[in-house]
Amino acid sequence: MSYYRGSLPGANRTAVTEFILLGLVETPGLRPVVFVLFFFAYLVTIGGNLSILAAILVEPKLHTPMYFFLGNLSVLDVGCITVTVPSMLSRLLSHKHTVLYGACLTQLFFFHLLAGVDCFLLTAMAYDRFLAICRPLTYSTRMSQTVQRILVAVSWACAFTNALTHTVAISTLNFCGPNVINHFYCDLPQLFQLSCSSTQLNELLLFGLGILMAGAPVILIVTSYVHVAAAVLRIRSAEGRKKAFSTCGSHLTVVGIFYGTGVFSYMRLGSVEPSDKDKGIGILNTVVSPMLNPLIYSLRNPDVQGALWKVLTGKRALS
């Protein structure tokens with residue numbers, strides 16, 4: 001059973017001990033197709049991101065701040081898809097749609113932890129491009145190994161605080177039924193809709209911390225690239241401009257996908273009924289984005305392509 005009879009503060013209510021995740025499809029015949037597609041996507045994402053990480057480790061040319069952050073981003077992408085997809089695949093195999101209350105909150109915590117670190121790492125990468133293009137003479141001192149490690153450590157600390165705050169805040173809510181989540185993983189908007197106590201404070205908290213976790217990084221990223229664009233346009237050589245823009249294009253593409261899907265995910269808090277569109281946005285956020293990142297960063301980057309060739313074949317990179 002999904003409920004137990006117990007006493008909650010203020011009333012005798014039925015408390016939820018587990019939730020039912022409807023998943024992506026409710027038609028039994030489609031489940032094998034969904035399993036194969038997402039299992040393949042999971043393998044591609046893990047393989048692609050670990051290959052990028054291995055390429056960065058083995059290729060001396062890639063031992064730079066930009067690729068240090070990219071390596072960390074690859075680790076986050078592996079973590080992000082691992083938090084959501086394997087549990088969904090296991091439910092498809094077992095035909096069991098339930099998830100324990102504690103497991104649901106644990107998934108929520110790790111999802112927001114990894115997504116939060118992603119926010120700050122993308123900002124650090126924009127700052128790195130700003131320094132490299134706009135402040136080249138002081139770049140090596142302003143982006144030293146110590147600075148890189150501090151930026152990553154601060155990113156993890158801020159994201160941990162944000163994720164823990166949301167997890168603790170939602171654990172104070174009462175859930176007394178229904179307990180059906182029209183999604184394939186546990187997240188704040190869907191849990192807010194199931195709570196039988198007021199979520200006004202939680203939504204204000206999500207809005208306030210969202211400004212700090214996403215709004216501030218977006219402002220910093222935009223500011224960095226405004227300065228970068230101005231500096232690049234002053235470069236007289238067309239080849240120089242092309243090279244400068246190519247190093248920024250991949251990062252801007254990833255930023256657009258990440259923040260675009262994130263904004264749509266949390267703009268629907270006021271909606272009464274959960275929508276299947278939320279599942280589509282969730283797929284973009286947790287599956288498609290981590291899967292595309294290795295491709296985006298290697299597509300037009302000969303250094304990464306050469307390092308990947310070396311990793312995959314065990315041979316020296318082609319000249």
Side-chain angles (χ1 to χ4, degrees), residues 8-9 15-19 21 69 72-88 99-125 148-176 179 181 183-220 258-259 261-269 278 281-282 285-286 289-290:
L8 292 171
V16 170
T17 60
E18 59 186 25
F19 295 101
L21 287 167
F69 293 128
N72 279 273
L73 194 66
S74 294
V75 172
L76 288 175
D77 286 339
V78 169
C80 190
I81 196 170
T82 301
V83 164
T84 55
V85 171
S87 58
M88 180 195 74
V99 56
L100 292 173
Y101 174 85
C104 189
L105 262 59
T106 300
Q107 184 181 55
L108 184 148
F109 169 79
F110 280 105
F111 176 74
H112 281 267
L113 171 65
L114 297 168
V117 180
D118 233 328
C119 285
F120 290 113
L121 266 188
L122 290 172
T123 309
M125 293 172 80
Q148 295 167 44
R149 289 166 183 163
I150 289 173
L151 287 172
V152 171
V154 169
S155 298
W156 278 97
C158 292
F160 177 84
T161 303
N162 174 68
L164 185 63
T165 301
H166 284 307
T167 307
V168 170
I170 205 161
S171 69
T172 65
L173 297 179
N174 294 324
F175 295 93
C176 45
N179 66 335
I181 299 174
H183 215 303
F184 63 97
Y185 63 92
C186 295
D187 202 4
L188 293 172
Q190 290 74 33
L191 290 175
F192 288 167
Q193 289 163 343
L194 295 182
S195 175
C196 53
S197 53
S198 174
T199 61
Q200 185 175 7
L201 183 61
N202 298 74
E203 292 184 18
L204 285 173
L205 192 64
L206 180 59
F207 178 76
L209 288 177
I211 292 175
L212 292 174
M213 295 292 297
V218 165
I219 291 171
L220 291 172
F258 178 80
Y259 281 102
T261 55
V263 166
F264 281 110
S265 294
Y266 299 105
M267 279 180 64
R268 292 179 50 81
L269 289 177
D278 296 334
I281 294 166
N285 215 6
T286 64
S289 180

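In this text the structure is predicted, and so the values were computed from the model without any measurement.
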>> Taking disulfide bond (SG atoms under 2.5 Å apart) as the definition, give me every residue that meets it alongside C104, ordered by chain and number, with sequence neighbours left out.
In response: C186
>> Run the disulfide bond (SG atoms under 2.5 Å apart) test against C119 and tell me which residues pass, sequence neighbours left out.
In response: none
Test of understanding: with side-chain contact (heavy atoms from CB on, under 4.5 Å), list the residues that count as partners of [X], not counting sequence neighbours.
| X | result |
| --- | --- |
| V152 | F68, F69, N72, L121, W156 |
| I219 | T223 |
| A103 | V99, L100 |
| F110 | V83, T106, L113 |

What distance do [X] atom [atom1] and [Y] atom [atom2] have between them, rounded to the nearest 0.5 Å?
| X | Y | atom1 | atom2 | answer |
| --- | --- | --- | --- | --- |
| N179 | L194 | CG | CG | 7.5 Å |
| L191 | T199 | CG | OG1 | 10.5 Å |
| F184 | L21 | CZ | CG | 10.0 Å |
| N202 | F192 | CG | CZ | 4.5 Å |
| N285 | F111 | CG | CZ | 5.0 Å |
| I81 | L76 | CD1 | CG | 13.5 Å |

>> For P217 versus Y259, what's the shortest heavy-atom pair and its separation?
In response: CB-OH, 3.3 Å
Under the side-chain hydrogen bond (donor to acceptor under 3.5 Å, both in side chains) test, residues paired with [X] that sit two or more places apart:
| X | answer |
| --- | --- |
| D118 | none |
| T123 | none |
| Q148 | none |
| S195 | S197 |

>> Any non-hydrogen side-chain atom of D187 less than 4.5 Å from a side-chain atom of Q107?
In response: no
Name each donor-acceptor pair under 3.5 Å that joins a side chain in residues 159-170 to protein atoms two or more places apart or in another chain, with its distance.
{"unit_1": "T161", "atom_1": "OG1", "unit_2": "A157", "atom_2": "O", "d": "2.9"}
{"unit_1": "N162", "atom_1": "OD1", "unit_2": "H166", "atom_2": "NE2", "d": "3.3"}
{"unit_1": "T165", "atom_1": "OG1", "unit_2": "T161", "atom_2": "O", "d": "2.7"}
{"unit_1": "T167", "atom_1": "OG1", "unit_2": "A163", "atom_2": "O", "d": "2.7"}

> Can you name the residues that form a ring-ring contact (aromatic ring centres under 6.0 Å, His included) with F120, not counting sequence neighbours?
Replying inline: none
